[in-house]
K.L.:
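Just dropping this structure here.
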Amino acid sequence: MSEPMEQSDEYDSNISDYPSRWLHLRKVLERGGPFCHPDFDPCPDTLNFMKANCKILVIGAGGLGCELLKDLAYSGFLNIEVIDMDTIDVSNLNRQFLFREKDVGKPKANVAAEFINKRIPGCVVVPHYCRIEDFDADFYRMFHIVVCGLDSIVARRWINGMFLSLLEFNDQGELDQTTMVPIVDGGTEGFKGNVRVILPGMTPCIECTLDLYPPQVNFPMCTIAHTPRLPEHCIEYVKILLWPQEKPFGLDVQIDGDDPVHIKWIFNKAVERGKDYGIEGVTYRLTQGVIKRIIPAVASTNAVIAAACTLEVLKLASSCCMPLNNYMIFNDAEGIYTYAYEAEKKEDCIVCSLRPQKLKFRKSDKLQDVLDYLKENSALQMRAPGLTTSVGGKNKTLYMSTVKSIEVATKPNLQKTLDELDIQNGQEIVVADATSPNPLIFKMQYDEK
């Protein structure tokens with residue numbers, strides 16, 4: 001038996017666009033069928049559009065993003081841009097197959113784009129090593145379809161809000177569908193995954209089904225401070241209590257989960273606390289996982305979900321088949337199970353209903369109660385909301401924590417009642433939060449019962 005040929009990362013990108021290269025796609029795009037969309041027109045022009053004109057944005061170049069870039073490029077989408085703010089870690093190499101050991105420390109977006117461009121002839125992937133918030137509406141408006149491979153609910157909500165803000169309506173209130181950019185969102189957690197297709201302004205958005213996402217797990221403060229039992233308790237103790245007390249890297253330096261110096265400091269302190277309480281199992285990897293809220297990832301799940309997302313992109317770009325309507329779940333923990341269903345649009349959705357949501361409180365309630373509601377309500381789940389309103393025709397900041405000087409000035413308001421703050425029934429409260437690119441408007445409604 002002959003020895004198998006060694007595979008190389010290098011690939012001849014000068015291979016011509018040989019006649020049989022897209023044969024598998026032509027069989028789908030140049031033939032009709034019973035599952036085609038009513039608007040489908042089988043012809044060569046569809047493939048030409050996908051290859052030459054269709055612009056795809058991939059958000060995230062991690063486990064799911066690597067699979068998405070490969071699948072999309074092999075499916076005829078040759079104009080792709082990718083955004084990712086992370087750099088490559090050694091722990092990524094077991095499943096993020098576009099990266100090698102020599103790439104550790106480099107931006108994921110740059111390395112992934114370079115790999116795909118070298119490997120797949122004619123494909124042009126443009127990388128953006130930055131945050132999604134670094135781009136404005138004009139940038140996002142350039143794309144035909146957006147595919148999300150994110151590991152953050154906050155980022156999903158921000159993207160959701162951005163594309164809803166692009167929508168335009170005529171004088172009759174009807175949506176101008178040319179301003180709508182479809183979103184295909186994929187998510188994985190261990191052996192579970194999901195795919196959803198969002199047509200902004202037409203189908204349920206991320207906020208409509210926010211209560212499907214469980215709130216972040218938080219440990220009781222009394223347990224963290226006095227009776228730790230788990231290695232996670234030791235790490236949370238250092239993160240929540242020791243870091244603000246000792247200020248290891250400066251007065252206003254926040255924890256950066258991607259900074260190995262920060263993680264190392266927290267890890268060492270957590271190990272010390274574990275020894276004090278006889279707790280074993282504090283590792284560097286666990287420390288980083290707790291700080292960054294990392295969810296375990298499985299390569300096979302990423303592959304399946306990315307393939308399903310790519311199929312939905314193909315359907316949307318070509319109309320060769322009816323798209324998913326509109327949510328699919330996947331589970332291969334015990335056998336393989338999939339189920340698709342239609343999630344319902346929430347009529348009073350805070351984002352896509354385009355009308356203010358009511359805040360029901362009593363005049364005697366404190367501003368702190370409003371803040372807690374915005375953060376703890378399963379349909380809102382805000383991170384650090386800032387509240388402003390208008391009093392006597394002038395804007396008034398009720399509370400804001402993101403700017404230190406403003407927080408100091410407005411923190412006393414938290415213990416004041418809504419009556420003391422002169423907030424009237426029906427008054428609009430504008431809330432800014434990291435989960436949305438645009439401020440959200442609420443209306444105060446008093447209910448003394």
K.L.:
Can any side-chain N or O of Asn160 pair as donor or acceptor with the backbone N or O of Ile206 at less than 3.5 Å?
P.N.:
yes
K.L.:
Would a distance-only check, ignoring hydrogens and angles, find a side-chain to backbone donor-acceptor pair under 3.5 Å from Thr397 to Tyr399?
P.N.:
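Not a single qualifying donor-acceptor pair exists.
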K.L.:
If you round to the nearest 0.5 Å, how far is CG of Leu316 from CD1 of Ile145?
P.N.:
5.0 Å
K.L.:
Less than 6.0 Å separating the ring centroids of Phe267 and His262?
P.N.:
no
K.L.:
State whether the number of non-hydrogen atoms from other residues, nucleotides or ligands found under 6.0 Å of Arg141 atom CZ is greater than 12.
P.N.:
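Enclosed.
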K.L.:
Are Arg273 and Tyr237 in a cation-pi contact, defined as NZ or CZ under 6.0 Å from the six-membered ring centre and within 45° of the axis?
P.N.:
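Checked: cation-pi criterion met.
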K.L.:
Is a side-chain donor or acceptor of Arg383 paired with a backbone partner of Lys375 at a separation under 3.5 angstrom?
P.N.:
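Such a contact is absent between Arg383 side chain and Lys375 backbone.
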K.L.:
Give a yes or no answer on whether the side chain of Arg157 reaches the backbone of Ala434 with a donor-acceptor pair at less than 3.5 Å.
P.N.:
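Flag not set: sc Arg157 to bb Ala434 has no pair under 3.5 Å.
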K.L.:
Please check: side-chain N/O of Ser436 versus main-chain N/O of Trp158, any donor-acceptor pairing under 3.5 Å?
P.N.:
no
K.L.:
Would you say Glu344 has more than 12 foreign heavy atoms packed within less than 6.0 Å of its CD?
P.N.:
no
K.L.:
How far does CG of Leu68 sit from CD1 of Ile59, to the nearest 0.5 angstrom?
P.N.:
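Here the interatomic distance stands at 11.0 Å.
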K.L.:
Between Val104 and Leu93, is any pair of side-chain heavy atoms under 4.5 Å apart?
P.N.:
yes
K.L.:
In plain terms, say whether Lys346 and Glu207 are close enough for a salt bridge, that is, a side-chain N and a carboxylate O under 4.0 Å apart.
P.N.:
no
K.L.:
Starting at CG of Asn194, measure out to OG1 of Thr188 and round the result to the nearest 0.5 Å.
P.N.:
8.5 Å
K.L.:
Sub-3.5 Å donor-acceptor pair from the side chain of Asn377 to the main-chain atoms of Leu374, do we have one?
P.N.:
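A pair under 3.5 Å: no.
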K.L.:
For Tyr341, does the OH atom have more than 12 heavy-atom neighbours from other residues, nucleotides or ligands under 6.0 Å away?
P.N.:
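Enclosed: over 12 neighbouring heavy atoms sit under 6.0 Å from OH of Tyr341.
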K.L.:
Charged N to carboxylate O under 4.0 angstrom, Lys269 versus Glu246?
P.N.:
yes
K.L.:
Working to the nearest 0.5 Å, report the span between CE of Met382 and CG of Asp372.
P.N.:
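Spacing of CE (Met382) from CG (Asp372) equals 13.5 Å.
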K.L.:
If you measure from OH on Tyr74 to SG on Cys123, what distance do you get to the nearest 0.5 Å?
P.N.:
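The SG atom of Cys123 is 10.0 Å from OH of Tyr74, to the nearest 0.5 Å.
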K.L.:
Under a 4.0 Å threshold between the charged nitrogen and the carboxylate oxygen, would Asp103 count as salt-bridged to Arg100?
P.N.:
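No, this pair does not count.
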K.L.:
Between Asn92 and Gln96, is there a donor-acceptor pair closer than 3.5 Å when you use the side chain of the first and the backbone of the second?
P.N.:
no
K.L.:
Can you spot which of Asn326, Thr209, Thr203, Asp185 makes a side-chain hydrogen bond (donor to acceptor under 3.5 Å, both in side chains) with Arg196?
P.N.:
Thr209
K.L.:
Could you tell me whether Phe330 and Tyr337 have their ring centroids closer than 6.0 angstrom?
P.N.:
no
K.L.:
Taking atom CG of Asp39 as the centre, report whether more than 12 heavy atoms of other residues, nucleotides or ligands fall under 6.0 Å from it.
P.N.:
yes
K.L.:
Any donor and acceptor pair, going by atom type alone, linking the side chain of Asn79 with main-chain N or O of Lys55 inside 3.5 Å?
P.N.:
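No; zero donor-acceptor contacts below 3.5 Å.
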K.L.:
Atom CE in Met50, atom NE2 in His144: separation rounded to 0.5 Å?
P.N.:
12.5 Å
K.L.:
May I have the step-by-step check of side-chain contact (heavy atoms from CB on, under 4.5 Å) for Met202 and Leu175, ending in yes or no?
P.N.:
CA-CA 8 Å; Met202 299 174 64; Leu175 173 65; 3.6 Å; yes
K.L.:
Are Leu98 and Ile116 close enough, and set up right, to give a side-chain contact (heavy atoms from CB on, under 4.5 Å), and what steps lead you there?
P.N.:
CA-CA 8 Å; Leu98 298 183; Ile116 295 294; 4.1 Å; yes
K.L.:
Would you say the side-chain atoms of Gln357 pair up with the backbone N or O of Ile441, donor to acceptor, closer than 3.5 Å?
P.N.:
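Not confirmed, Gln357 side chain does not pair with Ile441 backbone.
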K.L.:
Between Glu189 and Lys192, does any side-chain N to carboxylate O distance fall below 4.0 Å?
P.N.:
no
K.L.:
Yes or no on ring pair (Phe, Tyr, Trp, His ring centres under 6.0 Å) for His128 and Phe139, after CA distance, side-chain angles and deciding distance?
P.N.:
CA-CA 12 Å; His128 301 283; Phe139 171 80; 5.3 Å; yes
K.L.:
Please answer whether the main-chain N or O of Val125 pairs with a side-chain N or O of Asn117 as donor and acceptor at a distance below 3.5 Å.
P.N.:
yes
